Amino acid sequence: MFEGPVQDLIDELGRLPGIGPKSAQRIAFHLLAADAADVTRLQEVLQKVKQGVQFCEVCGNVSENERCRYCSDARRDPTVVCVVEEPKDVLAVERTREFKGRYHVLGGALDPLGGIGPESLRIRELLARLGGTGPATDEGDIGEVIIATDPNTEGEATATYLVRLLKDFPGLSVTRLASGLPMGGDLEFADEMTLGRALAGRRALS
């Protein structure tokens with residue numbers, strides 16, 4: 001182990017997702033060797049993110065304002081909502097150029113072993129939107145909910161749970177991305193063509 005703040009930096013970097021001990025050490029020594037101006041710029045950007053970025057009051061996506069660009073865009077179809085796990089999945093769907101509706105970000109997926117249950121996700125907010133009591137007054141009647149959770153165990157469990165909740169909403173079509181996405185993966189890693197086909201060929205669940 002290194003002394004003092006160097007080891008503290010390595011430990012903090014190692015807490016980031018996808019960063020192992022060796023990667024954390026490389027990043028730490030890169031920062032130590034970097035110009036002071038570069039480190040200051042990084043520090044300022046991190047502060048701006050924490051102070052200036054919030055979550056959209058409607059869909060839960062990251063945003064600079066109370067509503068994200070998609071919920072604020074009158075050209076988007078408010079009657080179709082694509083449910084995803086994380087904000088990064090919004091970008092993955094947008095890259096396909098196949099979807100023109102709005103989004104709902106759950107903030108994760110069901111994972112009982114990890115202590116993540118329905119109350120930890122933005123499921124209550126989704127039900128409020130469908131019931132017409134959400135913060136968006138311009139959505140009208142939502143006619144379709146596309147469940148676009150990740151094609152893995154947690155994502156499938158979340159999709160199954162949502163289907164059970166949503167099946168009793170009158171006039172609501174619940175659909176799931178078509179097969180073709182690699183099982184066990186994340187939506188963000190699917191190529192645009194494959195994800196676009198899965199979105200266009202989505203199958204009805206209720």
Side-chain angles (χ1 to χ4, degrees), residues 16-20 23 49 53 55-56 58-64 67-114 116 118 120-123 125-127 129-130 136 139 142-167 169 172-206:
L16 298 175
I19 303 296
S23 296
V49 167
V53 176
F55 293 98
C56 175
V58 178
C59 73
N61 190 22
V62 291
S63 175
E64 288 187 279
R67 295 194 180 186
C68 70
R69 68 175 71 178
Y70 308 113
C71 291
S72 301
D73 190 347
R75 296 169 298 179
R76 312 277 307 197
D77 185 355
T79 67
V80 183
V81 173
C82 182
V83 178
V84 297
E85 294 182 19
E86 303 285 357
K88 58 184 175 56
D89 300 323
V90 172
L91 296 181
V93 175
E94 282 296 297
R95 286 198 300 266
T96 69
R97 302 179 183 273
E98 288 284 344
F99 184 65
K100 304 301 180 185
R102 293 184 178 174
Y103 293 94
H104 189 86
V105 181
L106 294 172
L110 293 176
D111 182 10
L113 295 179
I116 302 177
S120 301
L121 305 178
R122 298 186 69 259
I123 294 176
E125 289 83 352
L126 174 62
L127 298 179
R129 291 179 70 180
L130 294 173
E139 286 191 321
I142 296 175
E144 181 183 3
V145 169
I146 304 170
I147 300 178
T149 50
D150 288 342
N152 54 31
T153 302
E154 292 80 7
E156 290 299 326
T158 305
T160 301
Y161 181 81
L162 289 176
V163 170
R164 290 203 305 267
L165 288 180
L166 303 182
K167 66 180 182 180
F169 278 84
L172 179 66
S173 173
V174 182
T175 58
R176 182 82 165 110
L177 297 181
S179 57
L181 294 173
M183 283 299 296
D186 292 340
L187 213 63
E188 64 172 321
F189 297 131
D191 65 86
E192 289 89 340
M193 184 174 294
T194 300
L195 183 54
R197 288 174 177 172
L199 187 63
R202 57 189 181 272
R203 62 189 190 277
L205 300 179
S206 68

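These figures come from a predicted structure and were not determined experimentally.
With Glu85 contributing its side chain and Gly107 its backbone, the two residues share no donor-acceptor pair below 3.5 Å. In terms of modelled atom types and a separation under 3.5 Å, the side chain of Asp77 and the main chain of Thr79 share a donor-acceptor contact. A donor-acceptor pair under 3.5 Å links the side-chain atoms of Asp89 to the main chain of Glu86, judged by distance alone. For the pair Arg176 (side chain) and Ala159 (backbone), a donor-acceptor distance under 3.5 Å is absent.
Considering CG of Leu195 and CZ of Phe99, their distance stands at 11.5 Å, rounded to 0.5 Å. Here the straight-line distance linking atom CG of Leu113 with atom CD of Glu154 works out to 8.5 Å at 0.5 Å rounding. Rounding to the nearest 0.5 Å gives a distance of 9.5 Å between CD of Glu156 and CG of Asp150. With values rounded to the nearest 0.5 angstrom, Glu64 atom CD is found 13.0 Å from Cys56 atom SG.
The two residues Leu199 and Glu98 have their closest heavy-atom pair at CD2-CB, 3.7 Å. Across all non-hydrogen atoms, the minimal contact from Val93 to Cys82 is CG2-SG, 4.5 Å. Pairing each heavy atom of Ala157 with each of Leu110, the nearest pair is O-CD1, 4.0 Å. Counting all heavy atoms, side chain and backbone alike, Pro78 lies closest to Ile142 at O-CG1, 3.7 Å. The heavy-atom pair separating Arg67 from Ser63 by the smallest distance is O-OG, 3.2 Å. Summarising the geometry of Val163 relative to Val174, their closest heavy-atom pair is CG2-CG1, 4.2 Å, with the distance given to 0.1 Å.
Only one option out of Lys100, Arg69, Arg76 pairs with Glu94 in a salt bridge (charged side-chain N to carboxylate O under 4.0 Å, His left out); it is Arg76.
For Arg122, the side chain to side chain contact (heavy atoms under 4.5 Å, CB included) criterion is met by His104, Glu125, not counting sequence neighbours. The side chain to side chain donor-acceptor pair (under 3.5 Å) test applied to Glu144 returns Thr175, Arg202, not counting sequence neighbours. For Arg95, the side chain to side chain contact (heavy atoms under 4.5 Å, CB included) partners two or more places apart in sequence, or in a different chain, are Leu91, Ala92, Glu192.
Counting only heavy atoms from C-beta outward, the side chains of Thr158 and Val83 never approach each other to under 4.5 Å. Side-chain contact between Leu166 and Val145: present, with at least one pair of heavy atoms (C-beta onward) separated by less than 4.5 Å. A heavy-atom distance below 4.5 Å is not found between the side chains of Val105 and Val62. By the 4.5 Å heavy-atom criterion applied to side chains, Phe169 and Leu130 are counted as neighbours. At least one side-chain heavy atom of Tyr70 sits under 4.5 Å from a side-chain heavy atom of Val90. Contact check for Pro118 versus Tyr161: side-chain heavy atoms found under the 4.5 Å cut-off. Contact of the Thr149 side chain with the Leu106 side chain is registered, since non-hydrogen atoms from C-beta on lie closer than 4.5 Å.
Applying the 6.0 Å contact sphere to CZ of Arg97 captures no more than 12 heavy atoms from other residues, nucleotides or ligands.
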